[in-house]
Amino acid sequence: MLDKNGIAKRIAKEVKDGMYVNLGIGIPTLVANYIPEGINVVLQSENGLLGMGPFPFEGEEDADLINAGKQTITTLAGSSIFDSAMSFGMIRAQKVDLTILGAMEVSENGDIANWKIPGKMVKGMGGAMDLVASAQNIIVAMQHVNKAGESKLLPNCTLPLTGVHCVKKIVTELAVLAVLENGGFQLLERAPGVSVAEIQAATAGKLLIEGDIPEMQL
Amino acid sequence: MLDKNGIAKRIAKEVKDGMYVNLGIGIPTLVANYIPEGINVVLQSENGLLGMGPFPFEGEEDADLINAGKQTITTLAGSSIFDSAMSFGMIRAQKVDLTILGAMEVSENGDIANWKIPGKMVKGMGGAMDLVASAQNIIVAMQHVNKAGESKLLPNCTLPLTGVHCVKKIVTELAVLAVLENGGFQLLERAPGVSVAEIQAATAGKLLIEGDIPEMQL
Amino acid sequence: MINKVVKDADTAIKDIQNGQTIMLGGFGLCGIPENCIQALLRKKVTDLTCISNNAGVDDFGIGLLLQQRQVKKMISSYVGENAEFERQLLSGELEVELIPQGTLATRCMAAGYGMPVIYTPAGVGTEVAIGKETRVFNRKEYLMEYAFDAEFAIVKAWKGDTAGNLIYKSTARNFNPVMAMAGKITIAEVEILVPAGELDPDQIHTPGIYVHRIFQGGNYEKRIEQRTVRIK
Amino acid sequence: MINKVVKDADTAIKDIQNGQTIMLGGFGLCGIPENCIQALLRKKVTDLTCISNNAGVDDFGIGLLLQQRQVKKMISSYVGENAEFERQLLSGELEVELIPQGTLATRCMAAGYGMPVIYTPAGVGTEVAIGKETRVFNRKEYLMEYAFDAEFAIVKAWKGDTAGNLIYKSTARNFNPVMAMAGKITIAEVEILVPAGELDPDQIHTPGIYVHRIFQGGNYEKRIEQRTVRIK
């Protein structure tokens, strides 16, 4: 079973040389720490920055330089700044190659719910609806089950949707799964020490298991 | 009767302090020479410049700095440069207060034809269709009759239209005329030495003459 | 050039009336018009509809307008860092319309570029789509979203000149340029105001034609929401 | 950063095929990609559909591609300064689609911003409107115009860096930034190519994400169409 950093580390293997990538808040942010040396990737922050760098050194924070999570950050050699219309313009035009974000639920046809729990305080969707509606390649980073022990990989989402038919891949503490074009979660990899039966038990939606399922290489 | 510079001089009186103005090619360009001292006006050139200045001094031409007529020009203190999408964005959003352009024909309901003569070479509409479709205040600068002696102020345009129901005012070598909301040319001023009868004779469209028509003050 | 300079924030916002719609630039607390927000607090104008990506925090930014109950409705994409906001929302004192961030930005741009509507796929198949016209282009479904119609836009830039030209600094740019284009009247506060001619025409982010009033603000706090650092 | 540098113009355009649609930046002869046009002449690729505001003059710019009969169709707003163009048009060798300049620019922007269509009042009631869907918003009529779909965009900037970021100079900006956003593959030639990190992130006009290939051009003629001067 993986911890959060393990999930981030596995997702980092999906990041290929030359990609522009948007990382959501939470586990996705950690992915930046595991991108292999020699892989050139540009991180987009939807508040208007390409080429997001690491946090600043203490004392060098700039209130005018933040990411979409409102954290102080830095630029890199080759960074560019632009306004919010252009930022979401490049997202809608699918210039951003890969979007990695968290989710509360994913359905077997690729729907995602991650912005609202009715009856609880609603914070808003931010840029998530734009990202999931536009990105060609969306990977969800999340726990396989919620705190109540219920599966988050469902036949249908029960929470208000963020987007429909958009998630391509899911990485959890238990497994890597592809969302099939015609519906269903195809099990691709097991986390170290996790059995197919455990994954099956934690997955409420249709799970496809074909042949031997390899263990993740991290 | 006015010459071209006279027409430009009369139109310059329509330019008020604080206006952003787009000047078309030909007589409209001359208007810039007659804007009174103390009137602050910003000229927009639709290829992407606000604050068009005069021609450069000889030897100081910059191939990268031209107006929409492809003439070498200069910038002024306070000028700004932008791309073509923003240029026509500000035109469509009616941020440009006044558009002055030439015409081949104007109809009594404010239609304008100025881009195409069927059977002859077609050069294209450039930005004229955008300008006339968006500007709230359009003044046409033109000769009252064409080279064949036919009126250019017509019941209906005979040439392919540039825009419909958009011209607000016309200044010719003979007169200043308003285009009425419900149709018709209202005679506002006579050029020096020109009689109402001469204007009437040169106007094919419906001409409204109310009371004494004053002579232009230039 | 046309001179757009006004004396101060109070002069700049003096004709904003109760019940009007105003846009406020900024992302979180980054790039917000601090001086104009203070002036709105002093003016005590009420029943405002505020279009802003966020709603500030309890004791800063738009949160201060909420504390004084000056806001009737917020149109935002994310409002999560504000307890007073939550209280007013749950008690029904405050209306909130949550819309996707890209939709918010693009509806501003549409206003500034004279486009009555734009199409976006954001929100298709979600509750955001309820009541909205949809249309399929190239086998993809889009929502039709209207250009905003705001009486005032209030933005913050880094540098500006007397002709109203604006330059933003770093990610404090965010929504400011698109809102600057979108207001019927646009008010800009800047950290540094210079005479026309001192800014490079090639580097202007917002041309002065979009800006109706400009003044040099002061006492910028520029509060940081998430101070994240690494150790040297 | 991702390195977008290619060796030269010939390398940059090497996979442009007969019959493809290409955008070419520039307004008149100002800000045109001179080096890439020369490379297209050497490659002798034919049956091109060219989206460009103008068609150059007889012996410069796109006019050179016309001389070599490489262009099947021009989509432009103004094509008036070109006798060979006129000859080919009247003889039926060349197709021409004339569209309003703002429509041309905005259809580029729509492609770069992922908007399938835009609405513009330009051309309403004229022959430009024939066959087009119209719609009334706020009592004003608009035409629906589609985003362009071009295999390649070829633009010219003043400075660029190895990450593909571009800065334009003066009115040589014109259509270049909107076309840079709009190509499936965008090729940029620059007068000065610098390492990533030398350009101020706040001053980038076209972010490198939109640019797939960049090279430093040479031998820029930058011909002036209308040399207008005043005497000192």
Side-chain angles (χ1 to χ4, degrees), chain A residues 25 29 45-49 52 54-75 79 81-92 111-113 115-116 118 121-134 160-166, chain C residues 27-31 53-54 76-81 86 89-90 96 98-106 108-110 112 120-128 140-142 158 168-179 181 205 220-232:
Chain A
I25 294 168
T29 304
S45 188
E46 66 266 27
N47 56 320
L49 170 64
M52 179 165 58
F55 295 150
F57 290 117
E58 211 166 342
E60 294 177 6
E61 311 92 277
D62 177 356
D64 289 331
L65 183 50
I66 64 170
N67 64 17
K70 283 119 186 171
Q71 298 171 313
T72 47
I73 48 156
T74 55
T75 56
S79 287
I81 307 276
F82 36 85
D83 66 41
S84 299
M86 180 178 268
S87 183
F88 285 93
M90 67 182 66
I91 287 168
R92 266 198 312 273
D111 297 351
I112 178 172
W115 76 285
K116 185 178 185 179
M121 178 56 193
V122 176
K123 294 180 188 294
M125 66 290 282
M129 283 192 182
D130 305 275
L131 283 160
V132 302
S134 299
L161 296 180
T162 308
V164 294
H165 200 54
C166 55
Chain C
F27 185 96
L29 302 179
C30 180
N53 189 55
N54 312 91
S76 302
S77 88
Y78 192 83
V79 292
E81 6 260 2
E86 184 168 352
L89 176 59
L90 295 175
V96 178
L98 291 170
I99 62 177
Q101 195 174 139
T103 303
L104 182 60
T106 313
C108 292
M109 186 184 77
T120 175
V124 166
T126 77
E127 62 183 54
V128 165
K140 191 176 169 93
E141 193 174 345
Y142 294 82
W158 173 52
Y168 308 91
K169 181 168 156 283
S170 206
T171 60
R173 189 179 321 182
N174 56 64
F175 281 85
N176 283 299
V178 289
M179 289 185 171
M181 298 195 305
H205 295 131
Y220 284 102
E221 182 177 340
K222 298 217 242 180
R223 197 184 291 187
I224 290 174
E225 273 184 83
Q226 305 283 341
R227 187 178 301 273
T228 45
V229 297
R230 61 191 154 136
I231 308 303
K232 244 178 195 156

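The figures here come from the full heavy-atom set of this structure, side chains too, leaving out hydrogens, waters and symmetry mates. To find a chain, count down the sequence lines: A is the first, B the second, and so on, and within it residues start at 1.
Remark: K123(A) fails to qualify as a cation-pi partner of Y78(C) under the 6.0 Å distance and 45° angle criteria applied to the six-membered ring.
Judged by distance alone, with hydrogens and angles left aside, the side-chain atoms of N174(C) form no donor-acceptor pair with the main-chain N or O of S84(A) at under 3.5 Å. Formation of a donor-acceptor pair under 3.5 Å by the R230(C) side chain with backbone atoms of P56(A) is not found in this model.
Among L131(A), T75(A), V164(A), the residue with the largest count of heavy-atom pairs under 4.5 Å with chain C is V164(A). Put simply, of L161(A), I81(A), I66(A), the one with the most heavy-atom pairs under 4.5 Å next to chain C is I81(A). Comparing F88(A), F57(A), F82(A) by how many heavy-atom pairs each has under 4.5 Å with chain C, the most go to F57(A). The candidate from G48(A), A63(A), G126(A), G127(A) with the greatest count of non-hydrogen atom pairs under 4.5 Å with chain C is G126(A). For the set N53(C), T228(C), V96(C), the count of heavy-atom pairs under 4.5 angstrom toward chain A peaks at T228(C).
Remark: E127(C) engages K116(A) in a salt bridge (charged side-chain N to carboxylate O under 4.0 Å, His left out) (not counting sequence neighbours). Looking at residues two or more places apart in sequence or on another chain, you find a salt bridge (charged side-chain N to carboxylate O under 4.0 Å, His left out) between R227(C) and E61(A).
Remark: R173(C) does not engage D64(A) in a salt bridge, criterion side-chain N to carboxylate O under 4.0 Å.
If you measure heavy-atom distances from L29(C) to chain A, you find no contacts under 4.5 Å at all. Only the side chain of E60(A) comes within contact range of chain C, judged by heavy atoms closer than 4.5 Å. Contacts of A128(A) with chain C are absent, with no heavy-atom separation under 4.5 Å from either backbone or side chain. Using a 4.5 Å cut-off between heavy atoms, S76(C) does not touch chain A at all.
Once rounded to the nearest 0.5 Å, the distance linking CZ of F175(C) with OG of S87(A) reads 8.5 Å. In this structure, CG on N176(C) lies 9.5 Å from CG on D83(A), to the nearest 0.5 angstrom. With rounding to the nearest 0.5 Å, the separation of CE in M125(A) from OG1 in T103(C) is 8.5 Å. Residue C30(C) holds its SG atom at 10.5 Å from CG of N67(A), rounded to the nearest 0.5 Å. To the nearest 0.5 Å, atoms OG (S77(C)) and CG (D130(A)) are separated by 8.0 Å. Taken to the nearest 0.5 Å, the CD atom of Q101(C) stands 5.5 Å off from the CD atom of E46(A).
When every heavy atom of K140(C) is checked against every heavy atom of A133(A), the shortest pair comes out as NZ-O, 2.7 Å. The minimum heavy-atom distance linking R92(A) with P121(C) is given by the pair CD-CD, 3.7 Å.
Between Q71(A) and I224(C), the closest side-chain pair of non-hydrogen atoms is not below 4.5 Å. Between W115(A) and L98(C) the shortest side-chain heavy-atom distance falls below 4.5 Å. At least one side-chain heavy atom of D62(A) sits less than 4.5 Å from a side-chain heavy atom of K169(C).
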Between M129(A) and T126(C), does a side-chain contact (heavy atoms from CB on, under 4.5 Å) hold up when you go through it step by step? CA-CA 9 Å; M129(A) 283 192 182; T126(C) 77; 3.6 Å; yes
